[in-house]
A.B. asks: 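Encoded as structure tokens, here's the structure I'll be asking about.
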Amino acid sequence: MAASPKVSEVKVADLLFPPSVKPPGTHNSFFLAGAGVRGMEIGGNFVKFTAIGVYLEESAINELAPKWKGKSAADLADSVEFFRDFVTGPFEKFTQVTMILPLTGQQYADKVTENCVKFWKSIGIYTDEEATAVDKFIEVFKDENFPPGHSIMFTQSPTGSLTVAFSKHESIPQVGKAVIDNKNMSEAVLESIIGKHGVSPEAKQSIAARVSALLNDEKVGSDPEVATGVSKEIAPESTPA
């Protein structure tokens, strides 16, 4: 078993993401790879919608090292290929999306699946299996409501399953509400957050800085630029939350 990377907590919009968690749908402990806000410029003001923390299985750094060790945070932040390797790598990931503003489950699921389908069709991988996964994703969310401080949680397995759970921000359940067995859906949720058109540039910057430090055996700080929420990058309006 890989040694657990030593990382700090991160505070995003008054919400604290701890340095390690044990998510539903797995027996492994995960470390905090990065965190950031998802928001949008509206009427000249940056409005924050959700705070997002992304965690990795302990073996992830060893898996990423052969290709990315020696790269700076700026190198990783600018690399579409790095984030694809991050999303598709042979290790588990856990993503926690916590509401800053209220959102219904239907709103969340509709936006996520709309953009997943658009992406899949653009690269020619949308099949009946993906359509079935979309229907199940929508079904899981349809009766849910998420007030501020409540979280949507995704545990992504490299075998292709996506465990979905709901809870308050500070409470991570041991068991998920549903499991969706579709690799493309499993990867698309995280891709929508930190991929080429991801909705949280701040989370991407945080991940790049922290993973670069871990790869290069440097101290991982608490991301003060994330904690203070000073980033004003605009997330694309058409992408999922």
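We count residues from 1, following the sequence as given. Every value quoted in this text rests on a predicted model; they were computed, and no experiment measured them. The figures here come from the full heavy-atom set of this structure, side chains too, leaving out hydrogens, waters and symmetry mates.
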A.B. asks: According to salt bridge (charged side-chain N to carboxylate O under 4.0 Å, His left out), who are the partners of Glu130, at least two apart in sequence or on a separate chain?
C.D. replies: none

A.B. asks: Kindly indicate, with the supporting measurements, whether the criterion side-chain contact (heavy atoms from CB on, under 4.5 Å) is fulfilled by Val47 and Leu101.
C.D. replies: CA-CA 9 Å; Val47 180; Leu101 297 180; 3.8 Å; yes

A.B. asks: Start with the C-alpha gap between Cys116 and Glu191, add the side-chain angles, then the distance that decides, and say whether side-chain contact (heavy atoms from CB on, under 4.5 Å) holds.
C.D. replies: CA-CA 9 Å; Cys116 287; Glu191 174 75 20; over 6 Å; no

A.B. asks: Any donor-acceptor pair under 3.5 Å linking the side chain of Glu57 with the backbone of Glu92?
C.D. replies: yes

A.B. asks: Stepwise, does the side-chain contact (heavy atoms from CB on, under 4.5 Å) test hold for Tyr108 with Val97?
C.D. replies: CA-CA 11 Å; Tyr108 184 86; Val97 181; 4.2 Å; yes

A.B. asks: Hey, what do you get for OG1 (Thr26) to CG (Asn28), rounding to the nearest 0.5 Å?
C.D. replies: 4.0 Å

A.B. asks: Who pairs with Glu81 by side chain to side chain contact (heavy atoms under 4.5 Å, CB included), at least two apart in sequence or on another chain?
C.D. replies: Lys67, Trp68, Ser79, Asp85

A.B. asks: Report the distance from atom CG of Asn216 to atom CD1 of Ile61, rounding to the nearest 0.5 Å.
C.D. replies: 10.0 Å

A.B. asks: Excluding sequence neighbours, so at least two apart, what forms side-chain hydrogen bond (donor to acceptor under 3.5 Å, both in side chains) with Thr104?
C.D. replies: Gln107

A.B. asks: After noting the C-alpha distance and the side-chain angles of Leu32 and Arg210, does the key distance pass the side-chain contact (heavy atoms from CB on, under 4.5 Å) rule?
C.D. replies: CA-CA 9 Å; Leu32 181 60; Arg210 291 164 70 91; 3.7 Å; yes

A.B. asks: Could you measure the distance from the CD1 atom of Ile207 to the CG atom of Leu76? Nearest 0.5 Å is fine.
C.D. replies: 10.5 Å

A.B. asks: Quick check for you: to the nearest 0.5 Å, what is the distance between Phe49 atom CZ and Met99 atom CE?
C.D. replies: 12.0 Å

A.B. asks: Not counting sequence neighbours, list each pair that qualifies as a ring pair (Phe, Tyr, Trp, His ring centres under 6.0 Å) and has a residue in residues 84-103.
C.D. replies: Tyr55-Phe94

A.B. asks: Check salt bridge (charged side-chain N to carboxylate O under 4.0 Å, His left out) between Lys142 and all other residues, then give those that pass, not counting sequence neighbours.
C.D. replies: Glu139

A.B. asks: Does a sphere of radius 6.0 Å around CD in Glu129 hold more than 12 heavy atoms from other residues, nucleotides or ligands, not counting ones at 6.0 Å or beyond?
C.D. replies: no

A.B. asks: Who are the side-chain hydrogen bond (donor to acceptor under 3.5 Å, both in side chains) partners of His169, not counting sequence neighbours?
C.D. replies: Gln96, Thr98

A.B. asks: Which residues pass the side-chain hydrogen bond (donor to acceptor under 3.5 Å, both in side chains) test with Ser161, sequence neighbours left out?
C.D. replies: none

A.B. asks: Looking at NZ of Lys196 and CZ of Arg84, how far apart are the two atoms once the value is rounded to the nearest 0.5 Å?
C.D. replies: 11.5 Å

A.B. asks: Partners of Lys183 by salt bridge (charged side-chain N to carboxylate O under 4.0 Å, His left out), sequence neighbours excluded?
C.D. replies: Glu187

A.B. asks: For Lys168, enumerate each residue passing the side chain to side chain contact (heavy atoms under 4.5 Å, CB included) test, keeping only those at least two apart in sequence or located in another chain.
C.D. replies: His150, Glu170

A.B. asks: Please determine whether a side-chain nitrogen of the Lys or Arg among Arg38 and Glu202 lies less than 4.0 Å from a carboxylate oxygen of the Asp or Glu.
C.D. replies: no

A.B. asks: In the structure I gave you, are the side-chain heavy atoms of Leu15 and Ile100 within less than 4.5 Å of one another anywhere?
C.D. replies: yes

A.B. asks: Which heavy-atom pair separates Leu215 from Ala65 by the least distance, and what is that distance?
C.D. replies: CD2-CA, 3.5 Å

A.B. asks: Ser167 and Pro173: which non-hydrogen atoms are nearest, and at how many Å?
C.D. replies: CB-CD, 3.7 Å

A.B. asks: Would you mind writing out the side-chain donor-acceptor pairs for residues 119-126 within the sub-3.5 Å range, not counting sequence neighbours?
C.D. replies:
| from | atom 1 | to | atom 2 | distance (Å) |
| --- | --- | --- | --- | --- |
| Ser122 | OG | Phe119 | O | 2.6 |

A.B. asks: Give a yes or no on whether the backbone of Ser29 and the side-chain of Lys22 come within a donor-acceptor separation of less than 3.5 Å.
C.D. replies: no

A.B. asks: Does one hydrophobic cluster hold both Leu190 and Val179, with members joined at side-chain heavy-atom distances below 4.5 Å?
C.D. replies: no

A.B. asks: Is the charged tip of Lys71 near the ring of Phe82: under 6.0 Å from the six-membered ring centre and within 45° of its axis?
C.D. replies: no

A.B. asks: Please name the residue in the list Val54, Leu56, Val21 that meets the side chain to side chain contact (heavy atoms under 4.5 Å, CB included) test with Phe30.
C.D. replies: Val21

A.B. asks: With sequence neighbours left out, write down each residue that passes side-chain hydrogen bond (donor to acceptor under 3.5 Å, both in side chains) with Asp75, or none if nothing qualifies.
C.D. replies: Ser72

A.B. asks: Nearest 0.5 Å, what's the CD-CZ distance between Glu9 and Phe17?
C.D. replies: 12.0 Å

A.B. asks: Return the set of residues passing salt bridge (charged side-chain N to carboxylate O under 4.0 Å, His left out) with Asp78 (not counting sequence neighbours), or none when no residue passes.
C.D. replies: none

A.B. asks: Return yes if some donor-acceptor pair links the side-chain N/O of Ser192 with the main-chain N/O of Gly198 below 3.5 Å, else return no.
C.D. replies: no

